[in-house]
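Everything below concerns the one structure shown next.
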2 protein chains.
Amino acid sequence: MARTRTRDDIIAVAADLFAHAGFKGTSLQDIATGVGCSKATLLYHFDSKEAILAALVAPAAAELAELTARLAALEGEPAREAAIDGFVDLVLRYRREAGLIYYGSLDVLMTPAFADAQPLIENLCAAFTAGSAEPTDRIAAEVLLAGICSVAIDKPDDDVLRSALVAVAKRALLTTRMKD
Amino acid sequence: MARTRTRDDIIAVAADLFAHAGFKGTSLQDIATGVGCSKATLLYHFDSKEAILAALVAPAAAELAELTARLAALEGEPAREAAIDGFVDLVLRYRREAGLIYYGSLDVLMTPAFADAQPLIENLCAAFTAGSAEPTDRIAAEVLLAGICSVAIDKPDDDVLRSALVAVAKRALLTTRMKD
DNA sequence: GTCTATAACTAGATAGAC
DNA sequence: GTCTATCTAGTTATAGAC
């Protein structure tokens, strides 16, 4: 984990470009220009373009795994509350990475980091539905997961955003309760 | 508007590939292989790769414009209801194109079709908030717009999906009402 | 209307100087 | 640790035969 200044710059610039133009839509030249170095310098610090992606996604994926572990101790409604709060918090702290992980299968190849994250997202989706098997609840959960990831990019990280995201999620997911 | 069999095939295959791998993530060779023809045939029917994108997005963009026109006659809560129903219907009928238009600025260049659609999406967002200027309402609207576009891809077009999407949107957007 | 062949260019990645 | 120069393979697009 040797951290150098340039290496961190590369990750920061790449995260920004990947989030806005996608992995395939961003070239090494784009990243190099953003950092202010050459393509060769990029490939001195990382083995390949995919390695840059893996490195920048890793911390977010690790925290997603931690969140999943915390949620495993809970069930039903408390689990849902904790899942919503935890997920919004995660997305806000890794807003550029969140979309890459979530939409990984669309734009990005199946690197290990993404394959590992998929069951975690599935788990999160289950927590959002509070265990309900209703297709309707499942669809609502997916809408919220994707919508939150999408909206967080490029928004300032103020408390209004956080509370608005949590609020809309809780409002949208309280479906079974209303039927009772 | 000369419609040939091959031309329609190209649009259908391209729509599918663009939706899953993005515009830059899909090559003319990918499309040609899917259609079962050569790259040259693609470029006989269309001037460029971008022209394929423009052609496949045009009908969806036109219907979005129609929806906007219909909504212009309404205000407040009825406008919101109509916007939700109309938007879900539109996304379900153009599920592969919806994401391209909505996330157009991220993955895809700014072709005229996308530049024209942007104010229409803005208008739709305003209808979703029922004119509210509250940042919280605005964020909720954006979450729903993006989430619905994202979820519709690859889901079977049954009535369960339609009603689930409408239901989650209405539930999530009824914020001001609950405060009263 | 579809094809093969190819031109012109850009991609990711390597070699080697400094 | 960073660079220029280069390689190979893939990209969009064109030319011209059929």
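Naming: A, B, ... by sequence-line order, numbering from 1 per chain. Computed from a predicted structure; not experimentally measured.
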Take atom [atom1] of [X] and atom [atom2] of [N], then tell me their distance rounded to the nearest Å.
X       : N      : atom1 : atom2 : answer
A:Ile10 : C:dG12 : CD1   : P     : 14 Å
B:Leu42 : C:dC3  : CG    : C1'   : 13 Å
B:Lys39 : D:dT11 : NZ    : P     : 7 Å
B:Glu50 : D:dT11 : CD    : P     : 17 Å
A:Phe46 : D:dG1  : CZ    : P     : 13 Å
B:Ile31 : D:dT11 : CD1   : C1'   : 12 Å
B:Gln29 : C:dC9  : CD    : P     : 21 Å
A:Leu53 : C:dG12 : CG    : P     : 13 Å

Look at the side chain of [X] and decide which nucleotide, out of [options], has an atom nearest to it.
X       : options                : value
B:Ala40 : D:dT11, D:dA15, C:dG12 : D:dA15
A:Lys49 : D:dT11, C:dC3, C:dG12  : C:dG12
B:Tyr44 : C:dT2, C:dG12, D:dT12  : C:dT2
B:Ser48 : C:dC3, D:dA13, D:dT2   : D:dA13

Should [X] and [Y] count as an ion pair when the cut-off is N to O under 4.0 Å?
X        : Y        : result
A:Lys170 : A:Asp85  : yes
A:Asp30  : A:Lys39  : no
B:Arg138 : B:Glu134 : no
A:Asp157 : A:Arg93  : no

Per the side-chain contact (heavy atoms from CB on, under 4.5 Å) rule, which among A:Leu90, A:Val166, A:Val88 passes with A:Ile148?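 Of all the options given, the one that passes is A:Val88.
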Output yes when at least one side-chain N/O atom of [X] is less than 4.0 Å from OP1 or OP2 of [N], else no.
X       : N     : result
B:Thr4  : C:dG1 : no
B:Ser38 : C:dT4 : no
A:Thr41 : D:dC3 : yes

**Request:** Indicate, with a heavy-atom threshold strictly under 4.0 Å, whether B:Ser27 touches base, sugar-phosphate, or nothing.
**Result:**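 Touches sugar-phosphate only.
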Over all strands shown, is B:Leu43 touching base, sugar-phosphate only, or nothing at heavy-atom distances under 4.0 angstrom?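 Base, at least one base heavy atom under 4.0 Å.
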